[in-house]
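First up is the structure itself, then whatever we jot down about it.
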Amino acid sequence: MAAKPAAAPVLDWSWNHTPATSAALVAGGAYALAATGSVTGLPPTHALMVAGAGAAAQSVADLVQHRPAGHIVARCAAWLTAGGWTASALADHTPLTWGMTGWWAAGTVAGMTLARGLVRAEETARTERHQRKLQKWANKQAGEWHERLHRLFRLEGHQVDGVRPWKGDVGYTVLVTLPSDTPELPADAVRKLAVDLRLPKGGGIQILDGETYGQTLIRVTAVDVLAQQIDLPDTPPDTTVTSIYDGIPIGLKPDAEEARIAVVDDCVLVVGQTGSGKTNTVNVANAGALRTNNTIVMHIDVTGAGISLPWLHSWAAEGTAGVPLIDWTADTVDEAHILCDTVIAGIGARKTGHQDRLTEDDKLTVTHDLPEVLVVVDEIAELPPTLLRKLDTIVNTGRAVRVRVLICGLRATQDVITAAMKKQSRGRVGMRVSDPEELSHLFPTGGARINPKSAPYKGCGFYSSPDADDVVSDPTAFKAYRITPKQIRALSVTYAERRPKLEDVFLDTEPGEYYASRWGRILPRLYKAGQLSPTTVPYTSGDTLYPPINPLTGIPITTATDPDNDNAPTPRTVATTTQEAARPEPTVGSDLLSTILAAARTTPTQAPATTNGGDDATVIQADFGRVIQQAGISENRPNPVPRLLADAHNAVVAAGGRMHTADLATVVEMDPLVLGTELGKLLREVNIERPGKGTVRAGKANESKPGYLAETLAAAIRAYNQRDGQ
């Protein structure tokens, strides 16, 4: 892969000067004025006039900023000293002599030292004033709370130990030591305190146990943080390099503290109904992961790569980013299979290839040279079962080698999220929902005690994640940061320079051969001809590899042995990256299924005719055909597979592995409603369910409509054979 082109130099016009450098600049200006004025005959009075004006302006500025009188005098004296030296040099025409230069150097050093000392003293004084003001406020609040607790709950002997304000002035925490005869506040304390404080809508009271028995923390939320739109911070201090060990920030909690999710040891599950801000939250998580320099982000989004396109635009279309922010984008099911196969193989390769790094821990340490791989999966309900099983493998086996998955779905129910994904996802985010039962299902611990009305706004939700002690907190309300496409493009340029690369150990596998040409397969689908920037050329200039396709399941074969078909063809196909290059279509005859079933009815003593080559050998050895052969169906036994199911499977395979119901009805010459009803009965007969609520993306427009997958129909054919005594 070619190296990234060097970024163009950028001029920095900002005035980032320290007090010492500012004093040095003033001294340098005075010396330049004296040297130039002595040659041109500048009167000394001009220097005195400038110094006097500077001292007067400095005095006004210091008075406005309420600086101490001593500091004002010191600054004015510095101005007048510089002006006096300049006037003396102009009068004697001696600025370039050793004597005058020595006095100038001494004055410069003194001015720099004085400026640094004054600023440090002012910062100390400012901090002390703030602390005194804060202490005065805390003492006043402590007195009011002592009286309030006595008045509302008739407490005697209690003590208010302190009041600590929150960041952003949105609330505060009161630490109270209760008397031994009243170890806790009554059950209606929350309501009474909220009414007594006249808290606004969105505010609230939370009562927690302190560090010791008898201590109580009263958390007062005085401002409704969740109702505000909180833009993702993107100032220079907010875009510095971080580590994935710090967690990923996703928003603010009601106390204005940052909500973070941990993705080093655990997977993360994000669910939310349509319009809840789920996609925005996923993009905020993308921003947090991409801000680090030790994380590689991959995407699986077969609904059009919606979560990837904003992050790719600066690289693919504008050319302002030299590398793709998203390392791999699987925009189709086929590409997702290739990605998952590569990641699964990489997990195994890391386990064996990095044993020398496992010294102090049984898990790899993430670095820039050995980055974490975070696979972000959006709209998981659209994925077929075979792909979900591969994701389960990644979820179950990738923790020790730092390969984790962030899963996004509409609901956390079993029909959307697999059991392995939910079990291994200790980090959980539930966006706005309308049914409390969904939160209880997502958060088995503490979920029953949360109320969706506590996070009623768009972009609000609840989250729980392991803390520094690996303890999962109870679900906490939060408001997700708002990130815009404009922000994403700007951050893409900033974060591109720090992107790590996958190490050779991870990619030195059979599926890893398809990694280098991934963008040659993907970009022509995402962008039209002529839209791509020259920055994409290093990623698409080589040969583009397309794996062969299993003719029955329609799944790409990325290894020498197809797990779904031991006798599937293994040679890889290579195509150049011209616009006309396309993935090889499976070559399947219209009478494929009848040939397989006919071959399966041979007597056990009659060996199937096979050859070392030719289409017949490949067809007869197909996946579910092999299952039928192993069953030993007798010659006179009736065919257990319904004819409609066989014809439908044959048509879907010929169409590339997926087909809309209307198109399938045209092929089998049936009414679409009748076809859907009959095939539904046949699938339910053997307990086979269609993934994605029965919708598939197929056709030239890749639209999501009701349809069928070849693997679903093949599973039904296997089930009928097994039910018939297989």
Salt-bridge present ([X], [Y]; N to O < 4.0 Å):
{"X": "Glu318", "Y": "Arg489", "result": "yes"}
{"X": "Arg426", "Y": "Asp265", "result": "no"}
{"X": "Glu689", "Y": "Arg684", "result": "no"}
{"X": "Glu379", "Y": "Lys278", "result": "yes"}

Measure the shortest side-chain to side-chain distance between [X] and [Y] over non-hydrogen atoms and say whether it is less than 4.5 angstrom.
{"X": "Pro691", "Y": "Thr712", "result": "yes"}
{"X": "Val343", "Y": "Met298", "result": "yes"}
{"X": "Asp331", "Y": "Val302", "result": "no"}
{"X": "Asp238", "Y": "Thr240", "result": "no"}
{"X": "Ile296", "Y": "Leu374", "result": "no"}
{"X": "His660", "Y": "Pro706", "result": "no"}
{"X": "Val264", "Y": "Ile244", "result": "yes"}
{"X": "Leu232", "Y": "Leu491", "result": "yes"}

Identify the two heavy atoms, one from [X] and one from [Y], that lie closest to each other, and give their separation to 0.1 Å.
{"X": "Trp145", "Y": "Leu197", "value": "CZ2-CD1, 3.8 Å"}
{"X": "Gly288", "Y": "Ile248", "value": "CA-CG2, 3.9 Å"}
{"X": "Cys267", "Y": "Arg404", "value": "SG-NH1, 3.4 Å"}
{"X": "Asn280", "Y": "Ala480", "value": "ND2-CB, 4.3 Å"}
{"X": "Arg402", "Y": "Arg350", "value": "O-NH1, 3.8 Å"}
{"X": "Pro475", "Y": "Phe462", "value": "CB-CB, 4.4 Å"}

- Message: Show, in sequence, the C-alpha distance, side-chain angles and deciding distance for Glu335 and Arg521, and conclude whether the salt bridge (Lys or Arg N to Asp or Glu O under 4.0 Å) test is met.
- Response: CA-CA 8 Å; Glu335 192 68 29; Arg521 296 187 301 269; 2.9 Å; yes
Do [X] and [Y] get their side chains close enough for a donor-acceptor pair, meaning under 3.5 Å?
{"X": "Thr303", "Y": "Asp301", "answer": "yes"}
{"X": "Ser243", "Y": "Asp246", "answer": "no"}
{"X": "Glu258", "Y": "Tyr481", "answer": "yes"}
{"X": "Thr695", "Y": "Arg690", "answer": "no"}

Heavy-atom count around [X] [atom1] within 6.0 Å, excluding the residue itself: above 12?
{"X": "Lys363", "atom1": "NZ", "answer": "yes"}
{"X": "Asp209", "atom1": "CG", "answer": "no"}
{"X": "Lys458", "atom1": "NZ", "answer": "no"}

- Task: Only one of Thr329, Ile338, Asp327 passes side chain to side chain contact (heavy atoms under 4.5 Å, CB included) with Arg518; say which it is.
- Result: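 When side chain to side chain contact (heavy atoms under 4.5 Å, CB included) is applied between Arg518 and each of Thr329, Ile338, Asp327, only Asp327 qualifies.
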- Query: Only one of Ile344, Ile407, Ile300 clears side chain to side chain contact (heavy atoms under 4.5 Å, CB included) with Leu391; which?
  - Reply: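 Going through the options one by one, the only one that passes is Ile300.
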Spatial distance of atom [atom1] ([X]) from atom [atom2] ([Y]) [nearest 0.5 Å]:
{"X": "Asp392", "Y": "Lys390", "atom1": "CG", "atom2": "NZ", "result": "12.5 Å"}
{"X": "Ile261", "Y": "Ser464", "atom1": "CD1", "atom2": "OG", "result": "10.5 Å"}
{"X": "Leu208", "Y": "Leu175", "atom1": "CG", "atom2": "CG", "result": "11.5 Å"}
{"X": "Leu713", "Y": "Leu683", "atom1": "CG", "atom2": "CG", "result": "6.5 Å"}
{"X": "Ile488", "Y": "Asn283", "atom1": "CD1", "atom2": "CG", "result": "4.0 Å"}
{"X": "Ile483", "Y": "Ile250", "atom1": "CD1", "atom2": "CD1", "result": "13.5 Å"}

- Query: Between Glu372 and Val403, is a side-chain contact (heavy atoms from CB on, under 4.5 Å) present by the stated rule, with each step listed?
  - Reply: CA-CA 6 Å; Glu372 171 167 339; Val403 179; over 6 Å; no
- Task: Take Tyr463 and Met431 through the test side-chain contact (heavy atoms from CB on, under 4.5 Å) and record every step on the way to the result.
- Result: CA-CA 8 Å; Tyr463 88 103; Met431 302 306 293; over 6 Å; no
- Task: Evaluate salt bridge (Lys or Arg N to Asp or Glu O under 4.0 Å) for Arg219 paired with Asp255, printing each intermediate quantity in order.
- Result: CA-CA 9 Å; Arg219 295 170 57 86; Asp255 59 359; 2.5 Å; yes
- Is there a side chain to side chain donor-acceptor pair (under 3.5 Å) between Tyr245 and Asn294 once you walk through the steps? CA-CA 9 Å; Tyr245 286 106; Asn294 55 2; over 6 Å; no
Checking [X] side chain against [Y] main chain: does a donor-acceptor pair fall under 3.5 Å?
{"X": "Arg399", "Y": "Asn396", "result": "no"}
{"X": "Lys479", "Y": "Ile230", "result": "no"}
{"X": "Thr281", "Y": "Gly277", "result": "yes"}

- Item | Pair Phe506-Val401, side-chain contact (heavy atoms from CB on, under 4.5 Å): steps then yes or no | CA-CA 10 Å; Phe506 193 98; Val401 295; over 6 Å; no
- Message: For Trp315 and Tyr539, I'd like to know if the aromatic rings sit close, meaning centre-to-centre distance below 6.0 Å.
- Response: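 Trp315 vs Tyr539: aromatic centres under 6.0 Å.
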- Going through the distances and angles, do Leu410 and Val271 end up as a side-chain contact (heavy atoms from CB on, under 4.5 Å)? CA-CA 5 Å; Leu410 295 176; Val271 300; over 6 Å; no
- Message: What verdict does the side chain to side chain donor-acceptor pair (under 3.5 Å) test give for Thr295 and Thr292, after you've listed the backbone C-alpha separation in whole Å, the side-chain angles of each residue and the deciding distance to 0.1 Å?
- Response: CA-CA 6 Å; Thr295 307; Thr292 70; 3.0 Å; yes
- Query: On the ring face of Tyr708, is Arg658 found with NZ or CZ under 6.0 Å from the centre and within 45° of the axis?
  - Reply: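 No, a cation-pi geometry is absent between Arg658 and Tyr708.
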